Amino acid sequence: MIAYLGQLFLAGLFLISSISKFLDMNEFRMSIKEFGVVQNKQLISVGSYVFVLIEIMSAYLLINNFNEVISLIIPVGMMSLFVMVFIKVIFEKKELKCNCFGKSDKGTNNTYAVIRNLTIIGLIVFCWIFQAEDLFTASDNFLIFTIVLSVSFIICCLKDYFFEKRKELKDA
């Protein structure tokens with residue numbers, strides 16, 4: 001049961017991240033460019049949508065098909081890529097905003113980002129190793145995914161709302 005709660009947490013995390021990026025795709029594209037891995041505008045544009053879709057797919061797989069190996073490979077691969085990019089940024093001594101969860105006023109602590117992403121990888125592997133047998137039917141899992149998706153969307157909307165309000169207060 002603990003592993004399933006971890007799966008729900010991770011699914012929510014991936015959904016919040018993907019929705020936040022989707023709601024402010026231009027900021028996310030600028031972050032990709034600032035990381036310095038890709039400079040081609042078309043590749044950045046396509047890649048930004050691909051990352052958002054991979055995060056949504058990872059969330060779906062975490063809830064619905066977690067016993068399949070692909071549901072381990074996709075999120076761990078994505079998070080490993082993020083770790084490698086942050087390590088590159090650390091070696092280059094760059095200061096930037098990752099916009100991992102949408103708009104941000106502050107720069108990203110790159111060392112913290114590596115530790116955070118490695119922790120997420122560890123949680124994914126833990127949940128995959130200690131997963132329970134299918135607790136729910138496919139239709140129950142779809143309903144749970146829909147609920148997690150809805151809550152994630154609400155969280156993103158509230159986050160954006162309060163981000164804008166805080167910005168207005170600073171400007172006043």
Side-chain angles (χ1 to χ4, degrees), residues 4-35 37-38 41-66 68 70-83 85-86 89 96-110 112-124 127-128 136 138-168:
Y4 189 74
L5 293 175
Q7 289 168 234
L8 290 176
F9 170 77
L10 288 166
L13 189 72
F14 285 139
L15 287 171
I16 290 169
S17 176
S18 62
I19 292 168
S20 295
K21 289 172 186 159
F22 185 76
L23 290 175
D24 198 7
M25 193 60 81
N26 288 331
E27 287 283 327
F28 180 50
R29 286 184 185 136
M30 286 181 7
S31 294
I32 292 173
K33 187 173 183 175
E34 287 177 8
F35 278 114
V37 177
V38 179
K41 282 186 176 185
Q42 292 174 328
L43 196 54
I44 289 171
S45 182
V46 170
S48 62
Y49 286 107
V50 168
F51 274 115
V52 168
L53 289 174
I54 288 173
E55 284 184 322
I56 292 169
M57 182 173 55
S58 294
Y60 181 81
L61 289 172
L62 281 163
I63 294 175
N64 288 296
N65 298 320
F66 200 58
E68 303 295 327
I70 193 74
S71 63
L72 175 68
I73 292 171
I74 290 173
V76 167
M78 177 183 62
M79 296 308 298
S80 298
L81 177 66
F82 292 157
V83 167
V85 169
F86 275 113
V89 168
L96 47 85
K97 295 186 283 188
C98 77
N99 294 313
C100 299
F101 294 97
K103 298 177 194 173
S104 176
D105 285 341
K106 301 183 265 181
T108 301
N109 180 329
N110 298 324
Y112 169 75
V114 169
I115 293 168
R116 177 190 63 211
N117 291 339
L118 289 172
T119 302
I120 291 170
I121 290 170
L123 184 55
I124 293 167
C127 291
W128 198 77
F136 303 103
S139 60
D140 291 339
N141 283 336
F142 184 75
L143 177 63
I144 291 167
F145 177 76
T146 305
I147 291 168
V148 173
L149 177 63
S150 300
V151 169
S152 299
F153 183 75
I154 291 168
I155 289 170
C156 289
C157 291
L158 289 172
K159 181 186 75 65
D160 280 352
Y161 173 77
F162 287 115
F163 181 82
E164 291 300 323
K165 281 292 184 193
R166 188 178 64 189
K167 198 172 181 181
E168 288 174 15

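All residue numbers in this chain count up from 1 along the given sequence. Basis for what follows: all heavy atoms, side chains included, without hydrogens, waters or symmetry-related copies. All values reported here derive from a predicted model rather than from experimental measurement.
In this structure, NZ on K33 lies 5.5 Å from NZ on K41, to the nearest 0.5 angstrom. Interatomic distance, M25 CE to I44 CD1, rounded to the nearest 0.5 Å: 13.0 Å. To the nearest 0.5 angstrom, F86 atom CZ is 4.0 Å from F35 atom CZ. With values rounded to the nearest 0.5 angstrom, D24 atom CG is found 8.5 Å from M30 atom CE. For the atom pair M79 CE and R116 CZ, the distance stands at 7.0 Å (nearest 0.5 Å). Once rounded to the nearest 0.5 Å, the distance linking CG of L62 with CG of L10 reads 5.5 Å.
When side chains are defined from C-beta on, F9 counts as touching L123, because their heavy atoms get closer than 4.5 Å. Inter-residue side-chain proximity for V52 and S48 is flagged as unmet; no heavy-atom pair is nearer than 4.5 Å. Looking at L8 and I63, their side chains come closer than 4.5 Å, going by heavy atoms from C-beta outward.
Minimum interatomic distance between S152 and G12 (heavy atoms only, all atoms of both residues): OG-O, 3.6 Å. Nearest heavy-atom pair across A11 and A59 is O-CB, 3.5 Å.
For F14, there are no ring pair (Phe, Tyr, Trp, His ring centres under 6.0 Å) partners, not counting sequence neighbours. Residues satisfying the side chain to side chain contact (heavy atoms under 4.5 Å, CB included) test with S150, not counting sequence neighbours, are T146. Judged as a side chain to side chain contact (heavy atoms under 4.5 Å, CB included), and not counting sequence neighbours, the contacts of I74 are I54, M57, S58, L61, I70. In terms of the side chain to side chain donor-acceptor pair (under 3.5 Å) criterion, S20 has no residue partners (sequence neighbours excluded). Taking the ring pair (Phe, Tyr, Trp, His ring centres under 6.0 Å) definition, one finds that F82 meets it with F51, sequence neighbours left out. With sequence neighbours left out, the side chain to side chain contact (heavy atoms under 4.5 Å, CB included) criterion links I154 to L158.
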Would you check, one step at a time, whether the test side-chain contact (heavy atoms from CB on, under 4.5 Å) holds for L149 with I19?
CA-CA 9 Å; L149 177 63; I19 292 168; 4.0 Å; yes

Take V114 and N110 through the side-chain contact (heavy atoms from CB on, under 4.5 Å) test and state the conclusion after the steps.
CA-CA 6 Å; V114 169; N110 298 324; 5.8 Å; no

Take L72 and I124 through the side-chain contact (heavy atoms from CB on, under 4.5 Å) test and state the conclusion after the steps.
CA-CA 7 Å; L72 175 68; I124 293 167; 3.9 Å; yes

Walk me through whether K21 and S17 qualify under side-chain hydrogen bond (donor to acceptor under 3.5 Å, both in side chains).
CA-CA 6 Å; K21 289 172 186 159; S17 176; 3.1 Å; yes

